[in-house]
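One structure below.
Each ligand, and each atom within it, is numbered from 1 in the order the structure gives.
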Amino acid sequence: MSLRSVIRGTGSALPARSVPNAELAAEVDTSDEWIVERTGIRNRFIAGDGETTATLATAAARRALDAAGLDPSEIGLIVLATATPDQTFPSSATKVQAALGIPDCIALDVHAVCTGFLYALTVADSMLRGGSARRALVIGSETFSRILDWEDRTTCVLFGDGAGALVLEAVEGDQGILATRLHADGRHNDLLYVDGGPSTTGTVGKLRMKGREVFRHAVVNLAQVMNEVLADAGLTAAEVDWVVPHQANARILDATAKKLGLPPEKVVVTVDRHANTSAASVPLALDVAVRDGRIRRGDLLVLEAMGGGFTWGAAAVRY
Ligand code: UT7
């Protein structure tokens, strides 16, 4: 028995506006057929006026708290993963804290782009087991629609907005986060980046990506880190009930599962509905599969993601 961070509840939130491929194809030189065949994406949600990273994060956090049966005042730590904060500062985590009416807790943003949620989960898990707090909200929330170049068909069709959250609680036992593994390799930060920022251009910038090269690295890195995290937890791929992956491209999900020898039925896929929501994609997919009854208490989950930096990581969790 040891102190572990257990998932008490999950929640998610999407913008009101749903945008199918056909709507994009009317504006951009692309087609529903190309997008579905190359990515598996059929739809994404786009934030409207008044919908921001912090408002979506707050809505997802409220649902996770409801699912956990907890009051916001019982939260001692908020770790929010985002690459699209409402403002350069203060952190979006403090905005969520204020919106939830928590007078005092630890609150910070974590920035590792699409791997942000795995980084946030690892930070929260370490802080909970280290005694900084007893319960944490771990959130991934993004509004990538606001950093897309809507004239670049190679990127604008791939992303969407949304948020996912979970409540972690430090509990003695065998359930909860069993192991996490994180990596970064900054030599590749010119393959997926934003061409602006407060300290360079003084602007927000737009997303740029060399998709084919990112794809190649993603399959190799994700298979490697999943194997590592399972070995750390003393488990094998055959024992995994569900893979909850970062939702970038259905072909990446298929190729990674194949490398691990996992059947596609064990992979939670939401990229068709939500597209790539960066740091929100793993907790959004987790919440979908918990609420539709696929993921049950006691299941062994592997969460994984890869993104700009490059960064990549995985977690083995007994739900
Ligand atoms: O979340 C962070 C991690 N990100 C990822 O994991 C993304 C990884 N990359 C990918 O998912 C894929 O590489 C993409 C979906 C981005 C691209 O798919 P691809 O099969 O690698 O296509 P490609 O880049 O090799 O492009 C093939 C063709 C090109 O035309 P030519 O040069 O062969 O004539 C593109 O110009 O498809 C063209 N193309 C499009 N056509 C219609 C690119 N984007 C579009 C589009 N609609 N939206």
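- For atom 33 (O) of ligand 1, the nearest protein heavy atom lies 4.0 Å or farther away.
- With respect to atom 43 (C) of ligand 1, the closest heavy atom belonging to the protein is W34 CZ2, 3.4 Å.
- At a cut-off of 3.5 Å, with distance as the only test, a side-chain donor of E142 or T84 sits close to an acceptor on the other residue.
- Within 4.0 Å of atom 30 (O) of ligand 1, not a single protein heavy atom is present.
- Near A248, meaning under 4.0 Å from any of its heavy atoms, are these atoms of ligand 1: 1 (O), 5 (C), 6 (O).
- Distance remark: protein heavy atom present below 4.0 angstrom from atom 6 (O) of ligand 1.
- Between I252 and ligand 1, not a single N/O pair is under 3.5 Å apart.
- Using a 4.0 Å cut-off between charged nitrogen and carboxylate oxygen, R208 and D149 count as a salt-bridge pair.
- Geometric assessment of R297 against the ring of Y319 yields a positive cation-pi assignment under the 6.0 Å and 45° thresholds.
- For atom 22 (O) of ligand 1, the closest non-hydrogen atom on the protein side is R38 NH1, 3.3 Å.
- Atom CZ of residue R318 and atom CZ of residue R4 lie 10.0 Å apart, to the nearest 0.5 angstrom.
- A distance of 14.0 Å separates CZ in R294 from NZ in K266, rounded to the nearest 0.5 Å.
- For ligand 1, the atoms closer than 4.0 angstrom to any heavy atom of M306 are 2 (C), 3 (C).
- Proximity of R251 to ligand 1, defined as any heavy-atom pair under 4.0 Å, is confined to the side chain (atoms from C-beta onward).
- Among protein heavy atoms, atom 21 (O) of ligand 1 sits closest to R212 CG, 3.7 Å.
- Proximity to L192 (heavy-atom distance under 4.0 Å) selects the following atoms of ligand 1: 2 (C).
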Might you work through the side-chain contact (heavy atoms from CB on, under 4.5 Å) test for Q247 and T277, ending with a clear yes or no? CA-CA 7 Å; Q247 310 282 325; T277 58; over 6 Å; no

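- Taking atom 1 (O) of ligand 1 as the reference point, the nearest protein heavy-atom neighbour is N276 ND2, 2.7 Å.
- Atoms of ligand 1 found under 4.0 Å from any heavy atom of T154 (numbered from 1 in listed order, with element): 43 (C), 44 (N).
- In the vicinity of V157, heavy-atom distances shorter than 4.0 Å reach the ligand 1 atoms 48 (N).
- The protein non-hydrogen atom at the shortest distance from atom 16 (C) of ligand 1 is L158 CD1, 3.7 Å.
- Atom 36 (O) of ligand 1 has as its closest protein heavy atom R153 NH2, 3.2 Å.
- Considering only heavy atoms from C-beta on, T10 stays 4.5 Å or farther from P283 through its side chain.
- With respect to the salt-bridge test (charged N to carboxylate O, under 4.0 angstrom), the residues R17 and E23 qualify.
- Among all non-hydrogen protein atoms, the one lying nearest atom 11 (O) of ligand 1 is N249 ND2, 2.7 Å.
- Both V317 and L128 sit in one connected hydrophobic cluster of ILVMFWY residues. Membership requires side-chain heavy atoms under 4.5 Å apart, directly or through other members.
- Side-chain polar atoms of T82 and S141 form no donor-acceptor pair below 3.5 angstrom.
- Note that the CD1 atom of I139 and the CG atom of L80 stand 5.0 Å from one another [nearest 0.5 Å].
- The atoms of ligand 1 that sit less than 4.0 Å from any heavy atom of V214 are 3 (C), 4 (N), 5 (C), 6 (O).
- For the pairing with V194, the side chain to side chain contact (heavy atoms under 4.5 Å, CB included) check across V204, I147, V113 returns one residue only, I147.
- Under a 4.0 Å N-O distance rule, the pair D125/R129 qualifies as a salt bridge.
- Taking a cut-off of under 4.0 Å to the non-hydrogen atoms of H246, the atoms of ligand 1 that pass are 1 (O), 2 (C).
- Nearest-residue assignment for atom 15 (C) of ligand 1 (options T39, D32, L24, T30; heavy-atom criterion): T39.
- With hydrogens left out, the protein atom closest to atom 2 (C) of ligand 1 is C114 SG, 3.4 Å, a heavy atom.
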